[in-house]
Amino acid sequence: MSSQLKESAQRVQDKLAGLGYPNRVVELPDSARTAQEAADAIGCEVAQIAKSIIFRLKPSNKPLLVVASGVNRVDEKLISSRIDDKLVKADADFVREHTGFVIGGVAPIGHPEPILTMIDEDLFQYPTLWAAAGHPKAVFELTPNDLAAMTHGQVTSVKKE
């Protein structure tokens, strides 16, 4: 692991420090673009990967961030009913414009503007989680409570029961 973080990962590290968290961003030797790749590289369960998924809200064209357990598939209809708004998939340009990060490296924090955030309640069964840190090879460790505090996210079920 190099001591020089990529610019987008350094932004996440700076945000963590600015919020008063001691968490350290680390860059993995291989891509952690998918939850499985991240878990394999870190040596944790896929369920401990806090994956950040950006949706576009219609008609407002605002972003919604769903931070889900790596094993869960987000039920878009369920989320849509929870926030009383229509979700559509966000393309790469929309994701980069609203988060400042590329798909596969979207961190739950460090966006140019605050983003409405929902957090998968299943993440709270683990003492530690790993989240993307602004680059497909960058991650940081955190607790579920840290995630909720950092993002001001609403904890909810994100998958079909």
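The backbone N or O of Leu87 lies less than 3.5 Å from no partner atom in the side chain of Glu76, so there is not a single donor-acceptor pair. Looking at Asp120, its side chain never comes within 3.5 Å of a backbone N or O of Val67 through a donor-acceptor pair. Using modelled atom types, one side-chain atom of Arg11 and one backbone atom of Gly100 make a donor-acceptor pair closer than 3.5 Å. Side-chain atoms of His135 come within 3.5 Å of backbone N or O of Lys137 as a donor-acceptor pair.
Side-chain heavy atoms closer than 4.5 Å link hydrophobic residues (I, L, V, M, F, W, Y) into clusters, and following such links, possibly through other members, connects Leu147 to Tyr126. Note on Leu64 and Val106: separate hydrophobic clusters, where clusters join Ile, Leu, Val, Met, Phe, Trp and Tyr whose side-chain heavy atoms are under 4.5 Å apart, directly or indirectly. Linking Ile, Leu, Val, Met, Phe, Trp and Tyr residues whenever their side-chain heavy atoms come within less than 4.5 Å leaves Leu129 and Val71 in two separate clusters. The cluster map of Ile, Leu, Val, Met, Phe, Trp and Tyr, joined by side-chain heavy atoms under 4.5 Å apart, puts Ile53 and Leu116 in the same cluster.
Summarising the geometry, atom CE belonging to Met150 is positioned 7.0 Å from atom CG belonging to Leu19; distances are rounded to the nearest 0.5 Å. Rounding to the nearest 0.5 angstrom, the gap separating the CD1 atom in Ile115 from the OG1 atom in Thr99 is 6.0 Å. Rounding to the nearest 0.5 Å places CD1 of Ile54 at 13.5 Å from CZ of Arg96. Rounded to the nearest 0.5 angstrom, Asp93 CG and His98 NE2 are separated by 10.5 Å. With values rounded to the nearest 0.5 angstrom, Trp130 atom CH2 is found 9.5 Å from Leu142 atom CG. Here the straight-line distance linking atom OG of Ser52 with atom CD1 of Ile119 works out to 9.5 Å at 0.5 Å rounding.
Nearest approach of Pro144 to Leu123, heavy atoms of both residues: CG-O, 3.3 Å. Heavy-atom minimum distance, Arg24 versus Phe140: O-CB, 3.6 Å. The heavy-atom pair separating Ala133 from Ala107 by the smallest distance is CA-CB, 4.0 Å. Across Gly134 and Phe101, no two heavy atoms sit closer than the pair CA-CD2, 3.4 Å. Shortest non-hydrogen contact noted between Phe55 and Phe94 is O-CE2, 3.9 Å. Annotation for Thr151 and Pro108: closest pair CG2-O, 3.4 Å, computed over non-hydrogen atoms.
The salt bridge (Lys or Arg N to Asp or Glu O under 4.0 Å) test applied to Lys159 returns Asp122, not counting sequence neighbours.
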List the steps and the verdict of side chain to side chain contact (heavy atoms under 4.5 Å, CB included) for Val158 and Leu78.
-> CA-CA 7 Å; Val158 302; Leu78 176 68; 5.7 Å; no
Evaluate side chain to side chain contact (heavy atoms under 4.5 Å, CB included) for Met118 paired with Ile79, printing each intermediate quantity in order.
-> CA-CA 9 Å; Met118 302 188 87; Ile79 298 297; 3.7 Å; yes
Starting from the C-alpha separation in whole Å, work towards a yes-or-no answer on side chain to side chain contact (heavy atoms under 4.5 Å, CB included) for Thr117 and His111.
-> CA-CA 12 Å; Thr117 302; His111 314 126; 5.7 Å; no
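Heavy-atom contacts from other residues, nucleotides or ligands closer than 6.0 Å to CD of Gln125 number more than 12. Other residues, nucleotides and ligands contribute at most 12 non-hydrogen atoms within 6.0 Å of the CZ atom of Arg73.
The side-chain heavy atoms of Asn23 and Glu141, taken from C-beta on, include no pair separated by under 4.5 Å. The closest side-chain heavy-atom distance from Leu57 to Ile83 is below 4.5 Å. Between Leu5 and Glu27, some side-chain heavy-atom pair lies under the 4.5 Å cut-off. Side-chain contact check for Val102 versus Pro136: some heavy-atom pair is nearer than 4.5 Å.
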Compile the donor-acceptor pairs under 3.5 Å between side chains in residues 44-51 and protein atoms, sequence neighbours left out, one pair per line.
from  : atom 1 : to     : atom 2 : distance (Å)
Gln48 : OE1    : Glu45  : N      : 3.2
Gln48 : NE2    : Thr128 : O      : 2.9
Lys51 : NZ     : Asn72  : O      : 2.8

